Visitor: 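Have a look at the structure that comes next, please.
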Amino acid sequence: MVDCTELSRVFSLWRPQAQVLTATHFTNRLPRQPPVAGLACSGCSGSSRRWSCRAVDEGSVGGEVFSVTSSSWSDIDYLGESTKGDLNVKQEHLDAFGIDGQATLEGPIEEIATAEAKEAEKLLSELGIRAWEGRAYDYGMDNLRGMGFPVDGLQFDPDLVIRGLIMDKEKGNLVKADRFGYIKRALHGTKMLSNRAVSEIYGRELVDLRKESRWEFLNTLFSVSEAVMYMQAVGKALFRAHVEGQLKSEIMAAPERFVEPDPELPLALLDQKEAGKKLLLITNSDYHYTNKMMQHAFNRFLPNAMDWRDLFDMVIVSARKPEFFQLSNPMYEVVTSEGLMRPCFKARSGGLYCGGSAQMVEKSLDIHGDEILYVGDHIYTDVSQSKVHLRWRTALICRELEEEFNALICSRSHRGALIELVHHKEVLGDLFNQLRLALQRRIKGRPAQTLAATNLDDLELTESMQKLLIVMQRLDNKIAPMLLADGEHFNKRWGYLSRAGLWDKSHLTRQIEKYADIYTSRVSNFLHYTPFMYFRSQEQTLAHDSYLHTPLSINGVEVEMQESASS
């Protein structure tokens with residue numbers, strides 16, 4: 001049996017540092033889709049003509065008709081609840097009176113739910129209520145094979161892991177958490193765990209990224225291949241080998257195989273430079289690797305025989321981030337094309353340096369804090385540390401945004417249908433809860449009534465609740481597979497990168513919101529704006545904003561507008 005904690009420790013000993021090859025530059029936020037507005041629960045009626053349910057004994061008000069079970073036994077999880085839990089119709093009661101829960105409400109559940117939700121809304125309204133990762137994996141497997149581990153038959157699965165997941169090194173699981181840290185999905189080995197299993201293992205336990213001995217946040221391209229090997233290792237007791245040096249050598253020998261140049265990137269930076277901005281390149285990569293990559297990605301697209309070095313006022317290699325933002329390491333000037341260095345105590349414009357610190361950069365350029373926009377692709381090494389320690393403005397590059405954006409477009413009809421069904425479920429549940437409260441009060445001998453049950457006798461009240469539960473349980477059965485399929489255009493196991501479930505944001509998105517002032521998929525998106533653009537955050541919404549409506553008069557005609565903003 002594999003000791004997952006020990007396995008994680010060995011993995012961490014060999015972890016390569018993320019290499020940041022993009023420049024310090026300016027970028028814009030991609031347009032975001034407006035969020036799905038909060039649905040107002042409007043309720044439903046229990047008097048549908050579509051139901052044909054036999055009468056029940058008046059003496060069985062509540063106790064003999066319904067049962068109470070734990071919601072943790074449900075395999076369906078959305079909105080934090082499901083009908084398969086808490087109060088349920090007793091099957092033996094239905095059988096005794098010849099009531100078939102499936103056949104009683106014949107017809108497609110979408111049609112039934114739509115019809116009943118319309119009546120419910122009326123009633124309750126009246127009541128007022130991939131290449132880099134693959135090669136890294138290949139090198140890791142080769143090294144493990146050379147160490148004698150049984151890796152034959154294992155292949156890199158790019159869909160097994162996405163960025164933003166979290167390793168649970170104690171239990172050997174890979175998990176996806178929402179913005180609050182609650183675990184929504186989990187993988188053990190290469191098998192996805194059911195919602196019930198996730199609930200039993202984690203309950204209401206929160207992911208705490210400060211506990212580095214337990215949780216490992218996957219936020220780099222290297223982490224994708226690392227996590228694939230780790231999850232396969234959980235099942236086959238494999239250990240990961242260091243691949244950074246081997247991979248870099250292959251990339252430098254044939255950069256065209258691994259690096260997809262963006263012809264607009266150098267032009268975007270050139271616009272910024274010519275507008276008077278000072279550009280810096282700060283990377284953990286060594287000089288030889290940095291020079292090779294920048295020549296390949298920049299030189300051919302620059303005008304007038306410019307070299308990539310001409311774009312930058314300062315270049316710092318082997319920066320040793322995140323220490324670069326916290327400590328004052330020695331600085332060396334690179335003085336020859338072969339990489340020969342000499343000690344340096346003050347940086348100058350146009351220089352090429354190794355090591356140093358962020359404080360040296362600020363002093364040399366005489367700029368500080370939010371006068372600097374730092375751009376990187378690693379949430380911790382780049383964005384969070386420069387924000388926390390120096391109060392620099394920050395921008396995050398997240399290449400997966402383009403794929404997710406396209407996936408969201410492809411899934412519009414699916415999500416629309418799913419949201420409609422969930423809305424029906426909420427409406428039906430609203431009315432059911434009112435009837436349940438009325439039943440509770442009657443059982444306790446209290447005269448108080450909910451408005452929805454004022455005109456119902458005991459028999460009608462119990463029968464209406466039964467019918468509502470049958471519809472909601474059928475809705476659960478319809479919604480559950482649709483929820484599992486939501487996001488499969490991006491990743492069949494984990495869904496969308498930025499979302500955790502139908503409504504909530506993922507833990508990765510929460511980290512981006514917390515530490516990145518702006519984010520985008522690529523720097524060249526900045527060409528859609530001028531170098532003088534000031535980027536302001538969008539209006540942020542609160543939970544109650546979706547219920548605010550303001551009448552607007554247009555040509556004497558009053559139009560009702562919703563004051564909900566995208567976030």
Side-chain angles (χ1 to χ4, degrees), residues 12-25 209-210 212 216-217 219-223 242-245 247-249 252 278-294 308-309 311-397 515-516:
S12 64
L13 292 177
W14 295 90
R15 180 169 296 108
Q17 295 296 317
Q19 304 303 315
V20 181
L21 303 180
T22 56
T24 299
H25 41 247
L209 297 179
R210 294 172 297 181
E212 297 181 2
E216 179 73 23
F217 193 44
N219 55 12
T220 70
L221 296 177
F222 275 107
S223 66
H242 182 55
V243 301
E244 181 185 3
L247 182 58
K248 278 191 172 183
S249 297
M252 290 179 67
K278 296 180 179 180
L279 304 183
L280 282 72
L281 172 64
I282 305 173
T283 174
N284 281 355
S285 297
D286 59 54
Y287 167 71
H288 296 290
Y289 184 81
T290 300
N291 186 50
K292 184 73 174 182
M293 292 298 99
M294 296 299 286
W308 70 270
R309 287 280 308 278
L311 277 175
F312 300 98
D313 294 82
M314 189 180 297
V315 176
I316 299 176
V317 299
S318 302
R320 298 181 66 182
K321 295 176 290 183
E323 289 183 7
F324 180 83
F325 300 111
Q326 306 172 41
L327 306 177
S328 295
N329 292 319
M331 176 180 283
Y332 300 89
E333 184 178 8
V334 181
V335 294
T336 69
S337 58
E338 288 76 26
L340 182 65
M341 296 183 293
R342 64 186 177 193
C344 177
F345 301 99
K346 184 177 181 180
R348 57 178 176 80
S349 180
L352 171 61
Y353 303 98
C354 174
S357 66
Q359 290 80 5
M360 289 183 179
V361 170
E362 291 185 329
K363 183 177 181 180
S364 299
L365 300 178
D366 194 27
I367 51 178
H368 304 85
D370 61 6
E371 296 178 288
I372 301 173
L373 175 65
Y374 182 82
V375 180
D377 63 355
H378 192 303
I379 290 178
Y380 178 75
T381 301
D382 292 320
V383 176
S384 72
Q385 296 302 295
S386 58
K387 168 68 71 176
V388 170
H389 295 286
L390 300 166
R391 295 294 184 259
W392 287 2
R393 290 290 190 178
T394 55
L396 180 73
I397 302 300
Y515 296 116

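Computed from a prediction, not measured in an experiment: that's the story for all the values here.
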Visitor: In the structure I gave you, are the side-chain heavy atoms of Leu281 and Met294 within less than 4.5 Å of one another anywhere?
Guide: yes
Visitor: Measuring from atom CZ of Arg393 to atom CD1 of Ile372, what distance do you get when rounded to the nearest 0.5 angstrom?
Guide: 12.5 Å
Visitor: Look up atom CD1 in Ile379 and atom OG in Ser384, then write down how far apart they are to the nearest 0.5 Å.
Guide: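 OG of Ser384 is found 8.0 Å from CD1 of Ile379.
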Visitor: Could you pull out all residues at least two apart from Arg348 that satisfy salt bridge (charged side-chain N to carboxylate O under 4.0 Å, His left out)?
Guide: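 Residues passing salt bridge (charged side-chain N to carboxylate O under 4.0 Å, His left out) with Arg348: Glu333.
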Visitor: Apply side-chain hydrogen bond (donor to acceptor under 3.5 Å, both in side chains) to His389 and list each qualifying residue two or more places apart in sequence or on a separate chain.
Guide: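 With sequence neighbours excluded, His389 shows a side-chain hydrogen bond (donor to acceptor under 3.5 Å, both in side chains) to Gln385, given in chain and number order.
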Visitor: Do Asp382 and Ile397 have side chains that get closer than 4.5 Å, going by heavy atoms?
Guide: no
Visitor: Calculate, to the nearest 0.5 Å, the distance between atoms CD and CD belonging to Gln359 and Gln326 respectively.
Guide: 9.5 Å
Visitor: Please enumerate all residues that pass ring pair (Phe, Tyr, Trp, His ring centres under 6.0 Å) together with Phe325, with sequence neighbours excluded.
Guide: Tyr374, Trp392
Visitor: Working to the nearest 0.5 angstrom, can you tell me the gap between Lys292 NZ and Ser285 OG?
Guide: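 The NZ atom of Lys292 sits 14.5 Å away from the OG atom of Ser285.
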Visitor: Mind checking side-chain contact (heavy atoms from CB on, under 4.5 Å) for Arg309 and listing every partner two or more places apart, or none if nothing turns up?
Guide: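 For Arg309, the residues satisfying side-chain contact (heavy atoms from CB on, under 4.5 Å) (neighbours in sequence not counted) are Asp307, Val315, Leu352.
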Visitor: Check side-chain contact (heavy atoms from CB on, under 4.5 Å) between Thr336 and all other residues, then give those that pass, not counting sequence neighbours.
Guide: Glu338, Leu340
Visitor: Using the test salt bridge (charged side-chain N to carboxylate O under 4.0 Å, His left out), find all partners of Lys387 that sit at least two apart in sequence or belong to another chain.
Guide: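 Result, salt bridge (charged side-chain N to carboxylate O under 4.0 Å, His left out) vs Lys387: Asp517.
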Visitor: Provide the closest heavy-atom pair for Ala347 versus Met331 in the form atom of the first, atom of the second, distance.
Guide: CB-SD, 4.1 Å
Visitor: Given side chains that start at C-beta, do those of Val317 and Asp286 come closer than 4.5 Å, heavy atoms only?
Guide: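 No, too far: nothing below the 4.5 Å cut-off.
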Visitor: At their closest point, which heavy atom of Ala516 faces which heavy atom of Thr394, and how far apart are they?
Guide: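 Closest approach of Ala516 to Thr394: CA-OG1, 3.3 Å.
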Visitor: Who pairs with Leu327 by side-chain contact (heavy atoms from CB on, under 4.5 Å), at least two apart in sequence or on another chain?
Guide: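 Partners of Leu327 by the side-chain contact (heavy atoms from CB on, under 4.5 Å) criterion, ordered by chain and then number, come out as Glu323, Asn329.
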Visitor: How far does CG of Leu373 sit from CG of Leu279, to the nearest 0.5 angstrom?
Guide: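 With rounding to 0.5 Å, CG (Leu373) is 10.5 Å from CG (Leu279).
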Visitor: Could you report the tightest heavy-atom contact between His368 and Glu371, atom names first, then the distance?
Guide: N-OE1, 2.8 Å
Visitor: Could I get the full list of side-chain contact (heavy atoms from CB on, under 4.5 Å) partners for Leu365, not counting sequence neighbours?
Guide: Lys278, Leu280, Met314, Val361, Ile367
Visitor: Answer yes or no: is there a side-chain heavy-atom contact under 4.5 Å between Tyr287 and Cys354?
Guide: no
Visitor: How would you list all residue pairs meeting ring-ring contact (aromatic ring centres under 6.0 Å, His included) that involve residues 332-365, not counting sequence neighbours?
Guide: none
Visitor: To the nearest 0.5 Å, how far apart are CG in Asn284 and CZ in Phe324?
Guide: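 Atom-to-atom, Asn284:CG and Phe324:CZ are 9.5 Å apart.
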